[in-house]
Structure formats: C-alpha cells, structure tokens
Amino acid sequence: YVRGLTDLACAFVERHRNRPWFLYLSHYFPHPKVIAPDSLVGQYLDRGYPPYGLNAAHYLAGLEHLDRQTGRLLDKLKELGLYDNT
C-alpha cells in the first residue's frame, strides 16, 4: 500500500506539472499491521533483528521501504524540474 500511494502521488504530480497543484501524501505506516517487502525483512533478519516487536526486522524494513518511497517522489520532482520550486 505504501508503494501504491506513492505511485498515485507521482502520477498526480506528473499530470499537474504545468500548473499549480497541492498534494497531501500521508502514508499510514506504521499505524496498521506493519507490512514490508520480504526482501527487506530478510536483510534485517540476517542482521540478527527479531522478526516482530520493538526495533524488529518487519518494522525496520517497513521504515526503509517508506524512506525509499519518499525518495521515489523526490526523484519524480527532480525529473520534472519541480524539486527546487515545490
């Protein structure tokens, strides 16, 4: 769901790039059950983090996934030449 919301946000920015726009993107991670890509979870499990609980592999992987999705939106702004004026 984090990736999907980011996809929608990037598409919105691209559609509206030539006129004023407002975008409010609020990923709801980590409020519901924490879901992260298995590949990221595996990286944290391999580092010795427990699968669940405070500072656990799923939570840390979810945070990294959220960071990457934020980076995707920032990259889209740069690609469209909007980064310095947003």
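Here the structure is a predicted model, which is why all the values come from computation and not from measurement.
Taking 4.5 Å as the limit, every side-chain heavy atom of V41 sits out of range of all side-chain heavy atoms of Y49. Annotation: side chain of C10 is not in contact with side chain of V13 (no heavy-atom distance under 4.5 Å). Residues R72 and D7 form a side-chain contact, since some pair of their non-hydrogen atoms from C-beta on lies under 4.5 Å apart.
Every residue meeting the side chain to side chain donor-acceptor pair (under 3.5 Å) condition with R68, not counting sequence neighbours, appears here in chain and number order: E64. Among residues two or more places apart in sequence or in another chain, the side-chain contact (heavy atoms from CB on, under 4.5 Å) test is passed with Y24 by F22, S26. Under the rule for a side-chain contact (heavy atoms from CB on, under 4.5 Å), the partners of R15 that lie at least two apart in sequence or sit in another chain are A11, F12. In this structure D75 satisfies the salt bridge (Lys or Arg N to Asp or Glu O under 4.0 Å) test with no other residue, sequence neighbours excluded. Applying the side-chain contact (heavy atoms from CB on, under 4.5 Å) criterion to E14, with sequence neighbours excluded, gives R17, K76, L80. Residues satisfying the side chain to side chain donor-acceptor pair (under 3.5 Å) criterion with R47, sequence neighbours excluded, are absent altogether.
Hydrophobic clustering (ILVMFWY, side-chain heavy atoms < 4.5 Å, transitive): Y59 and L40 are in distinct clusters.
Judged by distance alone, the side chains of T70 and H27 never bring a donor and an acceptor atom under 3.5 Å apart.
Across all non-hydrogen atoms, the minimal contact from A36 to G62 is CB-N, 3.5 Å. L25 and L73 get closest at one heavy-atom pair: CD2-CD2, 3.8 Å.
In this structure, CG on L82 lies 12.0 Å from CG on L74, to the nearest 0.5 angstrom. To the nearest 0.5 angstrom, H16 atom NE2 is 10.0 Å from W21 atom CH2.
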